[in-house]
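Input: a single structure, listed below in structure tokens.
Indexing begins at 1, ligand by ligand and atom by atom, following the structure's order. Worth knowing before you read on, the calculation uses all heavy atoms, side chains too, and leaves out hydrogens, waters and symmetry mates.
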Amino acid sequence: MTLDFGTTLGGAWFPSPIFTASGCASSGKELSQFFPLREIGAVVTKSIMLKPRAGRPTPRMAETPSGMLNSIGLQGPGIDAFLIEDIPWLAAQGARIIVSIAGETAEEYAVLSRKLRGVFGISALEVNISCPNVENRGLVFACDPNSASEVIKSVRSIIGGDLPILAKLTPDVTNIASIASAVINSGADGLALINTVLGMVINTETMRPHLGGKTGGLSGPAIRPIAVRAIYQVREALPNVSILGMGGVATGKDALELILAGASGVSIGTASFGDPSAVIRIQRELHQLLQDKGFQSLKEAVGFAHRQE
Ligand SMILES: Cc1cc2nc3c(=O)[nH]c(=O)nc-3n(C[C@H](O)[C@H](O)[C@H](O)COP(=O)(O)O)c2cc1C
């Protein structure tokens, strides 16, 4: 019996449930030296903004127990260069592409959507709303249901029915299911859970914050139980909404944990920094593990941990 490894996210079909995580594989060029990008579910590109950005002050990385803290900020070339250089290159590799977008105002997300609408080769948009809203005291969009909804509505109004929209949420909220409901009611087709967790490291030599940006996003195995919890809670509240899960996945077994909690796909982030073949290895391990457990399809395993019997 061969395993049906395909999955759907917000209506888009992918042959494998394993993806890259936004910001951890840039546009995929480096990883393509280690495996053909078309063999994984899709490449999720680094969040792209309207204008080129330099990112935050250095140092931008700190090692932490079972994880890392980064304050790279949304460094990148801006949407116009991205559309000329990255999308055609990825499409030429035969890779499926999920484009992640980020902005400082709801209007910026709308402008990005207008530029992406109708571009050949894009399977879905991941809307990163874990960014500060400059029009609302710098409060992160995804920490406030109204701001989160406003962004998703503005993207949906431009994209129409052309592309599935996945809203990427932060776990730094009291009730993630309520933010998830707000963005789904505003037109998101699915969710990406979770972005990094806000953290801080103080250098005990200098006795000052280690990162130039003071705070940073915690990622890696340290946050996996937070990801599992967030996915489980959202799946319970919104059982019909597809979830792309991420957070500390380093093995096929870790990926299975997120799937059992309710994820239909899993993105690999920090693990790729230590092992550039991690994405393809995890995909192989997950495929084997699902077969060993007697599943006939990936879909049977999605949300299995919620079963009562
Ligand atoms: C260096 C770095 C850069 C990141 N950049 C982005 C980004 O541009 N957009 C985004 O939505 N998430 C970004 N993330 C978050 C990841 O996509 C992912 O949600 C998070 O790291 C948890 O997964 P992991 O533990 O497998 O890394 C970044 C994470 C890291 C470590």
Side-chain angles (χ1 to χ4, degrees), residues 18-28 30-31 42-49 53 55-56 58-79 82 86 98-104 109 112 124-132 140-142 148 151 165-172 176 191-199 211 213 215-231 243-252 254-255 257-258 263 265-276 278-279 281-283:
I18 298 296
F19 300 74
T20 62
S22 179
C24 300
S26 190
S27 288
E30 290 82 2
L31 293 192
V43 172
V44 181
T45 57
K46 175 153 183 73
S47 295
I48 194 78
M49 299 191 78
R53 299 244 307 195
R56 294 173 83 187
T58 55
R60 297 168 165 192
M61 296 271 199
E63 283 198 25
T64 61
S66 298
M68 64 180 245
L69 200 65
N70 91 83
S71 67
I72 294 192
L74 294 172
Q75 180 180 355
I79 184 77
F82 174 78
D86 296 311
I98 298 182
V99 174
S100 171
I101 57 171
E104 292 182 330
Y109 286 90
L112 285 163
L125 289 187
E126 191 177 86
V127 183
N128 175 8
I129 49 175
S130 310
C131 331
V140 170
F141 287 102
V151 171
I165 297 172
L166 308 177
K168 183 160 180 184
L169 305 186
T170 169
D172 290 332
I176 195 160
L191 301 162
L193 304 172
I194 57 176
N195 217 312
T196 52
V197 180
L198 197 63
L211 296 176
T215 59
L218 185 63
S219 63
I223 69 166
R224 199 170 64 246
I226 301 175
V228 173
R229 180 270 299 170
I231 294 164
I243 299 171
L244 176 57
M246 67 284 292
V249 172
T251 65
D254 301 340
E257 197 184 351
L258 269 59
V266 175
S267 279
I268 313 302
T270 302
S272 289
F273 294 123
D275 169 13
V279 179
R281 169 180 56 77
I282 292 168
Q283 176 168 289

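Closest heavy-atom approach to atom 16 (C) of ligand 1 among the candidates S22, G23, G269: S22. By heavy-atom distance, the residue among I194, T270, T196 lying nearest atom 19 (O) of ligand 1 is I194.
Considering both main-chain and side-chain atoms, E126 never comes within under 3.5 Å of ligand 1 through any nitrogen or oxygen pair. Looking at ligand 1, you won't find any N or O of N70 less than 3.5 Å from one of its N or O atoms. In terms of polar-atom proximity, defined here as any N/O pair under 3.5 Å, S100 makes no such contact with ligand 1. Remark: ligand 1 and I268 share no N or O pair separated by less than 3.5 Å (distance only, no angle test). An N or O contact shorter than 3.5 Å is missing between L74 and ligand 1 by distance.
Look at A271 and you'll find every heavy atom at least 4.0 Å from all atoms of ligand 1. Ligand 1 lies less than 4.0 angstrom from a heavy atom belonging to M68. Residue-ligand proximity: G247 is placed with a non-hydrogen atom under 4.0 Å from ligand 1.
Rounding to the nearest 0.5 Å places CD1 of I72 at 13.0 Å from CZ of R53.
Ligand-side atoms of ligand 1 in range of A21: 17 (O), range being under 4.0 angstrom from any heavy atom.
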